Peer 1: 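There's a structure below that I have some questions on.
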Amino acid sequence: SSTALQMTAFGLALLSTLFLLLATCTDCWMVNADDSLEVSHKCRGLWRECVTNMQDGVRTCDQYDSILADHPVKIVVTRTLLITADLLAGLALATLLLGLDCIKFLQEEPRVKLKMCYGAGVILSIGSILGLVGSVWYAVDVYLERSMLVSHNIFLGVHYDFGWSCWLGMAGSTGCFVASILLTCCLY
């Protein structure tokens, strides 16, 4: 039924939006993958870089200077895309919540409520694409950076891999996209 579909889409959108928000706020987009003699675990995020000492578990973080400082393009673009995706997903969630059949708001206007669900789906799809582009862009940049160093036989002792924040961004974006398909294609 349409109510079950709406609730499924809402649950998926809510979970996926939380994933996107977590990805934006957490700082493990890149993680050092070379642990031959590693005594520490390094994570790089969009806002700061953190090092965890493996012996005592103490974690220290370096905040990046300012939001508008000369950061690598990858960080600036990923931040912009993810913050925009977060805002769109939040707006879509609010719209979807009001459009749900089980919510009393505009109950005598079923067509308006259906349009709100559809609109939420469209907004979610835009947000999901931006989030996916941001996450994949970051991952590809990490991969290219690493393969360029390898091709030039440069060994820095530290090789970065995609961290869990990057995977969370991809998962959240994909979930939002699936929810948007449920709302735009399956609800009608």
Side-chain angles (χ1 to χ4, degrees), residues 9-34 40-53 58-97 119-150 154 156-181 183:
F10 181 75
L12 184 59
L14 182 64
L15 183 67
S16 301
T17 301
L18 290 174
F19 278 7
L20 270 176
L21 286 166
L22 271 173
T24 309
C25 302
T26 52
D27 20 76
C28 208
W29 279 76
M30 264 165 79
V31 62
N32 66 329
D34 177 57
S40 64
H41 175 77
K42 293 184 194 80
C43 266
R44 244 190 239 176
L46 302 178
W47 311 101
R48 59 194 183 160
E49 192 166 334
C50 297
V51 178
T52 308
N53 185 316
V58 173
R59 186 170 185 248
T60 52
C61 295
D62 285 333
Q63 217 60 33
Y64 297 147
D65 296 339
S66 91
I67 293 178
L68 301 170
D70 293 333
H71 295 300
V73 174
K74 130 179 104 187
I75 287 186
V76 176
V77 169
T78 306
R79 276 181 187 173
T80 307
L81 289 169
L82 266 109
I83 289 170
T84 309
D86 293 343
L87 292 170
L88 287 172
L91 174 64
L93 266 180
T95 308
L96 178 56
L97 186 64
V122 171
I123 297 167
L124 258 184
S125 71
I126 297 166
S128 70
I129 290 166
L130 294 178
L132 205 56
V133 168
S135 303
V136 171
W137 154 287
Y138 193 96
V140 166
D141 199 77
V142 169
Y143 175 78
L144 290 175
E145 194 177 302
R146 193 173 65 185
S147 51
M148 190 188 72
L149 293 175
V150 170
I154 299 170
L156 301 171
V158 175
H159 291 292
Y160 281 97
D161 264 340
F162 318 137
W164 57 271
S165 299
C166 191
W167 292 113
L168 210 55
M170 290 183 203
S173 301
T174 306
C176 284
F177 192 71
V178 172
S180 79
I181 289 171
L183 292 168

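Just so it is clear, the model here is predicted, and its values are computed rather than measured.
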Peer 1: Would you list the pairs meeting side chain to side chain donor-acceptor pair (under 3.5 Å) in which at least one residue belongs to residues 163-177, sequence neighbours left out?
Peer 2: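 Qualifying pairs: Thr26-Ser165.
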Peer 1: Could you tell me whether Arg44 and Asp62 make a salt bridge, using a distance below 4.0 angstrom between a side-chain N and a carboxylate O?
Peer 2: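 Salt bridge: no.
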Peer 1: Report the C-alpha separation of Val31 and His41 in whole Å, then their side-chain angles, then the decisive distance to 0.1 Å, and conclude whether the side-chain contact (heavy atoms from CB on, under 4.5 Å) test is met.
Peer 2: CA-CA 8 Å; Val31 62; His41 175 77; 3.1 Å; yes
Peer 1: Can you name the residues that form a side chain to side chain contact (heavy atoms under 4.5 Å, CB included) with Leu87, not counting sequence neighbours?
Peer 2: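 With neighbours one apart ignored, the set is Ile83.
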Peer 1: Do any side-chain atoms of residues 131-144 form donor-acceptor pairs under 3.5 angstrom with protein atoms, and if so which ones, sequence neighbours left out?
Peer 2:
residue	atom	partner	partner atom	Å
Ser135	OG	Gly131	O	2.9

Peer 1: At their closest point, which heavy atom of Ser180 faces which heavy atom of Gly121, and how far apart are they?
Peer 2: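 Looking at all heavy atoms of both residues, the shortest contact is CB-O, 3.0 Å.
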Peer 1: Crowded around Phe177 CZ? As in, over 12 foreign heavy atoms under 6.0 Å?
Peer 2: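 12 or below, so no.
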Peer 1: Tell me whether Cys61 and Cys50 have SG atoms closer together than 2.5 Å.
Peer 2: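 A disulfide, yes.
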Peer 1: Take Cys166 and Cys28, measure what disulfide (SG to SG under 2.5 Å) needs, and give me the verdict at the end.
Peer 2: CA-CA 7 Å; Cys166 191; Cys28 208; over 6 Å; no
Peer 1: So do the side chains of Val58 and Thr52 get within less than 4.5 Å of each other, counting heavy atoms only?
Peer 2: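 Answer no - side chains too far apart.
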Peer 1: Excluding sequence neighbours, so at least two apart, what forms side chain to side chain donor-acceptor pair (under 3.5 Å) with Thr24?
Peer 2: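 By the side chain to side chain donor-acceptor pair (under 3.5 Å) rule, Thr24 matches Asp86.
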Peer 1: What residues form a disulfide bond (SG atoms under 2.5 Å apart) with Cys25, not counting sequence neighbours?
Peer 2: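 Partners of Cys25 by the disulfide bond (SG atoms under 2.5 Å apart) criterion come out as none, since no residue qualifies.
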Peer 1: About how many Å separate CZ of Arg79 and CH2 of Trp47, when rounded to the nearest 0.5 Å?
Peer 2: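 Those atoms lie 4.5 Å apart.
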Peer 1: Distance from Leu20 atom CG to Leu130 atom CG, nearest 0.5 Å?
Peer 2: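 The CG atom of Leu130 is 10.0 Å from CG of Leu20, to the nearest 0.5 Å.
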Peer 1: Distance check, rounded to the nearest 0.5 Å: Cys176 atom SG versus Ile181 atom CD1?
Peer 2: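 Going from SG on Cys176 over to CD1 on Ile181, the span is 11.5 Å.
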Peer 1: Taking all non-hydrogen atoms of both residues, which atom of Leu168 and which atom of Phe19 are closest, and how far apart?
Peer 2: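 Heavy-atom minimum between the residues: CG-O, 3.7 Å.
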Peer 1: Rounded to the nearest 0.5 Å, what separates atom CG in Leu91 from atom CG in Leu96?
Peer 2: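 Going from the CG atom of Leu91 to the CG atom of Leu96 covers 11.0 Å.
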Peer 1: To the closest 0.5 Å, what do you measure between OG (Ser128) and CD1 (Ile123)?
Peer 2: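 So the gap between those two atoms works out to 12.0 Å.
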Peer 1: Test side-chain contact (heavy atoms from CB on, under 4.5 Å) on Lys74 and Met30; report intermediate values, then the result.
Peer 2: CA-CA 12 Å; Lys74 130 179 104 187; Met30 264 165 79; 3.7 Å; yes
Peer 1: Hey, which of Leu93, Leu183, Leu15 is the one that makes side-chain contact (heavy atoms from CB on, under 4.5 Å) with Phe10?
Peer 2: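 Exactly one pass, corresponding to Leu93.
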Peer 1: Return the CG to OG1 distance between Leu124 and Thr17, rounded to the nearest 0.5 Å.
Peer 2: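 These two atoms lie 6.0 Å from each other.
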Peer 1: Check the pair Arg59 / Asp27 against salt bridge (charged side-chain N to carboxylate O under 4.0 Å, His left out), numbers first and verdict last.
Peer 2: CA-CA 12 Å; Arg59 186 170 185 248; Asp27 20 76; 2.7 Å; yes
Peer 1: Going through the distances and angles, do Leu12 and Val178 end up as a side-chain contact (heavy atoms from CB on, under 4.5 Å)?
Peer 2: CA-CA 8 Å; Leu12 184 59; Val178 172; 3.5 Å; yes
Peer 1: What residue pairs, at least two apart or across chains, pass salt bridge (charged side-chain N to carboxylate O under 4.0 Å, His left out) with a residue in residues 14-26?
Peer 2: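 Sorted result for residues 14-26: empty, none.
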